[in-house]
Amino acid sequence: MLDLRWVLSHMEEAQAFLSNRHFDFDLSVLTGLDEERRRLIVQTEELKARRNEGSRKVGEAKKVGVDASELMEEIRKIGDASREVDARLSEVEEELGKILMSLPNRLHETTPVGVSEEDNQVVRTWGTPKSFSFEPQAHWDLGERLGIMDFEKGVMLAQSRFTVLKGLGSRMERALISFMLDLHTSRHGYMEMQPPFMVRSAILEGTGQLPKFADDLYRIEGEDLWMIPTAEVPLTNLHRETILEENDLPKYYTAYTPCFRREAGSAGRDVRGMLRQHQFDKVELVKLCTPETSYDELEKLTADAEEVLQTLELPYRVVALCSGDIGFGSAKTYDLEVWLPSQGKYREISSCSNCEDFQARRMNTRYRPVSGGRPRFVHTLNGSGVAIGRTLIAIVENYQQEDGSVTVPEALIPYMGGLREIRGA
RNA sequence: GGAGAAGUGGCCGAGUGGUCGAAGGCGGUUGACUCGAAAUCAACUGAGCGGCUUGCUGCUCCGUGAGUUCGAAUCUCACCUUCUCCGCCA
């Protein structure tokens, strides 16, 4: 959520980033609503002050046994009047709140301005795509032939965009989860958590998925519960409605969770294989920190995710998302894109964002500065560290051999019980 | 799912209609004492939103939401959460 006072005092700047996001909204309506809001506050508070004063006098009168019925009648009218103003005030505040909750975050000055994916900026590239002496196969061919992925069974049990991992495929999925959690907890200082995989509406409002993106989520019928689309949601909300001490910051959390997404807008895209699933595993990284440190923390968080790919020796590149492609709540986002030989392309495997105080405002997560003074909103960051299913795909494709077998990455061998190679039955 | 009890400030805890944002204690901050620490003493110690002469001042918040009343932490209703017992289960 944007700070209303900031928007009102930076109208041009705010309108400019909205248009860079291609978000069509005229902010000037906020000025009128805010003026009305303040007018109504003055009105109702004046009435309430009079009512409180009157009630005090009634109390005094009754104590002495004096009749106060005339005064009481007068106060009743004042009370009714203030209730009327209150009703109008909450309408105005609700309207303001609705608008603010629907506006995207402002952009950091280093976020490139652009229209689409095409305009994202490549920041750096790591590793070199391997050149194969044969035609590299797609993971869906390799996976089925090796007996580690069963796409038909996924559809049979659920729907399209669901997959059954079998045998060593399932084993490698589990190995990757452990490998990544171990890396982030032991080397990068994150605390491992296991949050609920379902959360209530207010939690999703806190991180920005609701109210606007309900169509992307699975909802539990008859309950105020939704399947989490990412562990970012429960982890970031861990300290909602609280005031932390500055000395307790930064907070680093990591969690493995499955993620559930309806993929409503992506019909027809990546339908083969398991690149885009309704349910996928992910190890997530979340940070809460002070505003002064959040951009350093973003660089470090991105590096933490990169280390996963480096250790697995998977070629990737880092891109800065442009204003037209960046997410609703993010001020700056780096995507990590891993090389997929069968596609001859880099594909997203992680997304690392600084949401600044956008989510903190919605969650009301603040901290008290050591220097004293009023509580301030924390900055929140999140990043995939990294997507498990897509890592499995990347390994299968990048480590494939001419005979269709797959070599196990060095770093993963201990997690695979010493296994060095996956070959078909 | 059924029965009962309870939800007050960072924590404990008093408060059953009238200066109660809330006694008291713990914790914390500052000052005094001390070479320093402890102990002791004193003062301060929640958040949000407004107004104007920017230092004052007003309003709101005692699980959440409605209601009764001139006035609600205190009364009524609904919901949520926690605890105990029963049932069920990993």
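Naming: A, B, ... by sequence-line order, numbering from 1 per chain.
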Tabulate below the donor-acceptor pairs under 3.5 Å that side-chain atoms of residues 287-294 of chain A make, not counting sequence neighbours, or state none.
{"residue": "A:Lys287", "atom": "NZ", "partner": "A:Tyr252", "partner atom": "OH", "Å": "3.4"}
{"residue": "A:Lys287", "atom": "NZ", "partner": "A:Glu297", "partner atom": "O", "Å": "3.1"}
{"residue": "A:Lys287", "atom": "NZ", "partner": "A:Glu297", "partner atom": "OE1", "Å": "2.7"}
{"residue": "A:Thr290", "atom": "OG1", "partner": "A:Thr293", "partner atom": "OG1", "Å": "3.1"}
{"residue": "A:Glu292", "atom": "OE2", "partner": "A:Arg376", "partner atom": "NH1", "Å": "3.2"}
{"residue": "A:Glu292", "atom": "OE2", "partner": "A:Arg376", "partner atom": "NH2", "Å": "3.2"}
{"residue": "A:Thr293", "atom": "OG1", "partner": "A:Thr290", "partner atom": "O", "Å": "3.1"}
{"residue": "A:Ser294", "atom": "OG", "partner": "A:Asn354", "partner atom": "ND2", "Å": "2.9"}
{"residue": "A:Ser294", "atom": "OG", "partner": "A:His379", "partner atom": "ND1", "Å": "2.8"}

All pairs passing salt bridge (Lys or Arg N to Asp or Glu O under 4.0 Å) where residues 347-364 of chain A contributes a residue, at least two apart | A:Asp3-A:Arg361, A:Arg106-A:Glu356, A:Asp270-A:Arg347, A:Asp357-A:Arg361
Could you work out the separation of B:C12 and B:G27 based on their P atoms and round it to a whole Å?
-> 15 Å
To the nearest angstrom, the CG-C1' distance between A:Asn364 and B:G46 comes to 13 Å
When we call it a touch if two heavy atoms are under 4.0 Å apart, what does A:Arg368 touch: a base, just sugar-phosphate, or nothing?
-> sugar-phosphate
Just jot down the side-chain hydrogen bond (donor to acceptor under 3.5 Å, both in side chains) partners of A:Asn247, sequence neighbours excluded, or say none.
-> none
Reading nucleotides 76-83 of chain B from 5' to 3' and marking B where a protein heavy atom lies under 4.0 Å of the base, S where only the sugar-phosphate is that close, and - otherwise, the string is --------
Using Watson-Crick and G-U wobble pairs whose two distances are both under 3.5 Å, how do you write the pairing of RNA chain B as dot-bracket, with | for links to another strand?
-> ((((((((.[[[..)..(.....]]]((((((.......))))))(((((((..))))))).[[[[[..)....]]]]])))))))....
B:U16 and B:G87: how far apart are their P atoms, nearest whole angstrom?
-> 39 Å
C1' atoms of B:U60 and B:G21, separation to the nearest Å | 11 Å
Set of residues satisfying side-chain hydrogen bond (donor to acceptor under 3.5 Å, both in side chains) with respect to A:Ser28, sequence neighbours excluded | A:Asp26
Side chain to side chain donor-acceptor pair (under 3.5 Å) pairs, two or more places apart, involving residues 150-163 of chain A = A:Thr163-A:Gln277
B:G9 and B:A47: how far apart are their C1' atoms, nearest whole angstrom?
-> 10 Å
Mind checking side-chain hydrogen bond (donor to acceptor under 3.5 Å, both in side chains) for A:Gln209 and listing every partner two or more places apart, or none if nothing turns up?
-> A:Thr207
Determine whether A:Tyr253 and A:Leu285 make a side-chain contact, defined as any pair of heavy atoms from C-beta on separated by less than 4.5 Å.
-> no
Between B:U45 and B:A23, how far is it from one P atom to the other, in whole Å?
-> 11 Å
Pairwise P distance, B:C61 and B:U19 [rounded to whole Å] | 15 Å
side-chain hydrogen bond (donor to acceptor under 3.5 Å, both in side chains) filter on A:Arg219, not counting sequence neighbours, yields none
Using side-chain contact (heavy atoms from CB on, under 4.5 Å) as the criterion, list what pairs up with A:Gln121, not counting sequence neighbours.
-> A:Pro112, A:Ala320
B/S/- contact track for nucleotides 48-71 of chain B, protein heavy atom under 4.0 Å | SBSS------BBS---------BS
For residues 196-206 of chain A, the side chain to side chain donor-acceptor pair (under 3.5 Å) pairs (sequence neighbours left out) are A:Ser201-A:Asp224, A:Ser201-A:Trp226
Distance between C1' atoms of B:A38 and B:G46 (Å, rounded) | 30 Å
Determine the interatomic distance between P on B:A5 and the same-named atom on B:A78; round to the nearest Å.
-> 14 Å
Should A:Asp34 and A:Arg38 count as an ion pair when the cut-off is N to O under 4.0 Å?
-> yes
